[in-house]
Novice: 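Quick one: structure below, then a few questions.
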Amino acid sequence: MTSDIRHTTIDSTDAYGLAGFWSQVLGLPVHEENRPGDEDVLIEGAGLLFVTVPEPKTVKNRVHLDLQPNDRTREEEVERVLALGATLVDDRRNPDGTGWAVLADPEGNEFCVERSAAERAG
């Protein structure tokens with residue numbers, strides 16, 4: 001017997017609000033049954049479940065998401081996600097085009113934006 005990962009769960013102070021941010025980042029909808037004020041909110045297509053908890057984030061994530069843009073460059077994706085409300089935490093981009101950018105979502109959860117497949121191939 002084995003197990004499957006059903007969801008990746010992210011604690012938050014506002015599950016619906018944070019799911020809305022990630023919905024925009026990923027271009028995937030929040031589950032049709034979820035509403036503002038719900039204590040758990042799902043982005044089904046990504047398997048991300050946001051759960052409201054009473055305490056705010058206080059330390060670095062032990063697990064984080066790495067994003068790879070599909071239809072734009074890493075730089076364009078970093079700018080798009082920053083405009084959605086993310087913040088730049090650590091810039092690991094190198095002059096030769098390698099590396100990544102570490103960003104944080106509106107509640108401080110870190111994630112990385114890597115180069116697109118096209119950039120990696122070029």
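The model shown is predicted, which means the values in this text are computed figures rather than measured ones.
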Novice: Can you see which heavy atom on Leu103 is nearest to which on Ala86, and at what distance?
Specialist: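 Heavy atoms of Leu103 and Ala86 come nearest at CD2-CB, 3.9 Å.
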
Novice: Taking all heavy atoms of Pro69 and all of Ser116, pick out the closest pair and write down the distance.
Specialist: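 Answer, listing the atom of Pro69 first, then Ser116: O-CB, 3.4 Å.
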
Novice: If hydrophobic clusters are built by linking Ile, Leu, Val, Met, Phe, Trp and Tyr wherever their side-chain heavy atoms come under 4.5 Å apart, do Val78 and Trp100 end up in the same one?
Specialist: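 No, because Val78 and Trp100 fall into different hydrophobic clusters, even though each may have its own neighbours under 4.5 Å.
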
Novice: If you look at every heavy atom in Asp96 and Thr98, which pair is closest and at what distance?
Specialist: OD1-OG1, 2.6 Å

Novice: So that I can tick it off, tell me whether Arg80 and Glu77 are bridged by a salt bridge, with the cut-off set at under 4.0 angstrom between side-chain N and carboxylate O.
Specialist: yes

Novice: Which pair of non-hydrogen atoms, one from Leu88 and one from Leu82, has the smallest distance, and what is that distance?
Specialist: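 Nearest heavy atoms, Leu88 then Leu82: N-CD2, 3.7 Å.
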
Novice: Enter the distance from Thr13:OG1 to Glu107:CD here, rounded to the nearest 0.5 Å.
Specialist: 3.5 Å

Novice: What's the spacing between Asp14 CG and Thr52 OG1 if we round to 0.5 Å?
Specialist: 6.5 Å

Novice: Determine whether a donor-acceptor pair (N or O, by modelled atom type, separation under 3.5 Å) exists between the side chain of Asn94 and the backbone of Gly97.
Specialist: no

Novice: Between atom OG1 of Thr8 and atom CG of Leu49, what is the distance when rounded to the nearest 0.5 Å?
Specialist: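 Reported value, rounded in 0.5 Å steps: 9.5 Å.
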
Novice: Answer yes or no: is there a donor N or O on one side and an acceptor on the other, between the side chain of Glu119 and the main chain of Thr73, under 3.5 Å?
Specialist: no

Novice: Can you hop from Ile10 to Leu67 via hydrophobic side chains spaced under 4.5 Å?
Specialist: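 Ile10 and Leu67: one cluster.
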
Novice: To the nearest 0.5 Å, how far apart are CZ in Arg115 and CD in Glu75?
Specialist: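 The CD atom of Glu75 is 10.5 Å from CZ of Arg115, to the nearest 0.5 Å.
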
Novice: Using side-chain heavy atoms (C-beta onward) and a distance below 4.5 Å, is Asn109 in contact with Leu18?
Specialist: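 In contact.
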
Novice: Rounded to the nearest 0.5 Å, how far does CG of Asp40 lie from CG of Asn34?
Specialist: 7.0 Å

Novice: Does atom CD (Glu39) have a neighbourhood of more than 12 heavy atoms from anything else shown, all under 6.0 Å?
Specialist: no

Novice: For the atom pair NE2 (His31) and CD (Glu44), what is the distance rounded to the nearest 0.5 Å?
Specialist: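 It comes to 4.5 Å.
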
Novice: Grab the two heavy atoms, one from Gly85 and one from Pro106, that are nearest each other, plus how far apart they are.
Specialist: O-CG, 4.0 Å

Novice: Is His64 close to Val102 at the side-chain level, that is, under 4.5 Å between some pair of heavy atoms?
Specialist: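 No, every pair of side-chain atoms sits at 4.5 Å or beyond.
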
Novice: Side-chain contact test, heavy atoms from C-beta onward, threshold under 4.5 Å: evaluate it for Ile43 versus Phe50 and give yes or no.
Specialist: yes

Novice: Should Leu42 and Glu33 count as side-chain neighbours, where that means a heavy-atom distance under 4.5 Å?
Specialist: no

Novice: As a quick check of understanding, evaluate side-chain contact (heavy atoms from CB on, under 4.5 Å) for Leu48 and Leu65, giving each step before the final call.
Specialist: CA-CA 11 Å; Leu48 294 178; Leu65 304 175; 4.1 Å; yes

Novice: What closest approach, in Å, do Ala19 and Val41 show between heavy atoms, and which atom pair accounts for it?
Specialist: CB-CG1, 3.5 Å

Novice: Indicate yes or no for a side-chain donor-acceptor contact from Arg74 to the backbone of Gly99 under 3.5 Å, with no hydrogens or angles considered.
Specialist: yes

Novice: Among all residues two or more places apart in sequence or in another chain, which pass the ring pair (Phe, Tyr, Trp, His ring centres under 6.0 Å) test with Phe21?
Specialist: none

Novice: Using a 4.5 Å cut-off on heavy atoms from C-beta on, say whether the side chain of Lys57 contacts that of Asp11.
Specialist: no

Novice: Consider only side-chain heavy atoms of I, L, V, M, F, W and Y, link residues closer than 4.5 Å, and tell whether Val51 and Val30 are in one cluster.
Specialist: no

